[in-house]
Amino acid sequence: MLSTISTRQARLARSTILSLSILAVAVLAVFASIAHAESVVTVIPVNNKPLGVAVNPLTNRIYVAASLNFEGNVAVIDGATNTVIDRIPTGTGTSAFKIAVNPATNMVYVTNTLGSSVVVMDGRSDTVATSIAVCGAGSPNNVAVNWWTNRVYVACSGPAALAIIDGQTNAVVTTVPLSAYVGSARPVAVNIGTNRIYVGDGSGRIVVVLDGKTSGVIASIVAGSDFHLGIDVNPFTNMVYVSNDVAYGAPGWPYGSVSVINGSSNVAVATIPVGPSPYGVGVDSTTNRVYVANSAGTSNSSSISVIDGKTNIVTATVPAPAWAIDVTANPWTRLVYVAEYYTCKSSSCSADPNQNSVLVISETPPDQGSN
């Protein structure tokens, strides 16, 4: 196993991230009145079927969890060149599903739904460091990291639970049962400012709130319509955004919504209509924008809804050439990355331009730069 980063280095990295976050908010506030719009920068082919995407803003590396024929892997993208620079296999008989990064330690965590485990990768060497068994007989779904406490949170589908991993020892410190609240623990997110963890129900309307210090459940919130597939947090505003899908054939199908939860009161304060079958949710905390991957559309196409976190209004809808599944933002480059899942239905799939890919979106028009 590769040696872990020293405590001193980790503290320095955390302090650097916090300082940059505060600086970014102050700078961006000056430009808040400048009109903005989203535009597609490029589409990066990743070949295999991408299901999760995460970014390390300190290294400007983007990590894409993908699988093909029971062979999981992680594509590593250089954010400066928008090219795949490495591909890390997670092993035969694995399925790389969702992914999260700890920028303070430069470690990457990938859920393996076929093997009930989390694959840990070292972002410095792009190699697999270890694999951690989680969720028992259940299947691990989404994963989130609190880089300040170095805790990793994995949602388990059934029985519903939250596995908590110590990022320093790579050991499961506890598994919190959630079956009393949700049918299937699916999306998970962390507010690093309040040390609260949010887990959405993949089969119902509940969002469970846990205290990161005690690992205890402190609230159960009714949000949205049928079920949740994506969730993220803005730690600066203490607002939580969870995607609400609608069951097939139910009233309003296929269009879904995003519920906004106030992290202080643990109350859903708004419901925002978005596109068909909303899946992943990504927040850029420095611009206070929320990006929602609408995974359904016409044929293989879909879209990304852009929400203004101040007004709770959809300000833009960006077309996607394939099925948008997951989304993340890099607050320093103001670029958004969307994992697109594509099913070729033509007789010449190798020549099909709509490949499994990552869609790169700029948060500002090209002629405005990156203020």
Can you tell me how far the [atom1] atom of [X] sits from the [atom2] atom of [Y], to the nearest 0.5 Å?
| X | Y | atom1 | atom2 | answer |
| --- | --- | --- | --- | --- |
| Ile307 | Asn312 | CD1 | CG | 7.5 Å |
| Thr194 | Asn146 | OG1 | CG | 9.0 Å |
| Leu162 | Leu210 | CG | CG | 6.0 Å |
| Thr59 | Asp78 | OG1 | CG | 9.0 Å |
| Trp147 | Asn106 | CH2 | CG | 14.5 Å |
| Ile197 | Ile164 | CD1 | CD1 | 6.0 Å |

Shared hydrophobic cluster, [X] / [Y] (ILVMFWY, side-chain heavy atoms < 4.5 Å):
| X | Y | answer |
| --- | --- | --- |
| Val260 | Val314 | yes |
| Val269 | Ile206 | no |
| Leu359 | Val327 | yes |
| Tyr198 | Val281 | no |
| Ile221 | Val199 | no |

So, does [X] use its side chain to make a donor-acceptor pair with the main chain of [Y] at under 3.5 Å?
| X | Y | answer |
| --- | --- | --- |
| Arg205 | Gly224 | yes |
| Ser302 | Ala324 | yes |
| Ser295 | Ser277 | yes |
| Arg289 | Glu363 | yes |
| Ser257 | Thr271 | no |
| Asp201 | Ser184 | yes |
| Arg151 | Lys213 | no |
| Thr111 | Asn141 | yes |
| His228 | Gly202 | no |
| Asp308 | Ile313 | no |

>> If you define the side chain from C-beta out and look only at heavy atoms, does anything of Val207 sit under 4.5 Å from Val240?
In response: no
> Less than 4.5 Å apart, any side-chain heavy atom of Asn288 and any of Met239?
Replying inline: no
> Can you list the steps and then say if Thr317 with Ser303 is a side-chain hydrogen bond (donor to acceptor under 3.5 Å, both in side chains)?
Replying inline: CA-CA 6 Å; Thr317 300; Ser303 63; 5.9 Å; no
>> Is it the case that atom CZ in Phe97 sees more than 12 heavy atoms from other parts of the structure closer than 6.0 Å?
In response: yes
> For the side-chain contact (heavy atoms from CB on, under 4.5 Å) test, which of Val358, Val43, Ile325 pairs with Glu340?
Replying inline: Val43
>> Exactly one of Ile361, Asn294, Val40, Val292 should register a side-chain contact (heavy atoms from CB on, under 4.5 Å) with Ile304. Which one does?
In response: Ile361
>> One pair to check against side-chain contact (heavy atoms from CB on, under 4.5 Å): Phe227 and Arg186. What are the steps and the verdict?
In response: CA-CA 10 Å; Phe227 56 95; Arg186 195 67 184 264; over 6 Å; no
> Could you walk me through whether Asn112 and Thr94 pass the side-chain hydrogen bond (donor to acceptor under 3.5 Å, both in side chains) check?
Replying inline: CA-CA 6 Å; Asn112 169 26; Thr94 65; 4.8 Å; no
> Which of these, Asp232, Asn238, Asn234, sits in a side-chain hydrogen bond (donor to acceptor under 3.5 Å, both in side chains) with Asn191?
Replying inline: Asn238
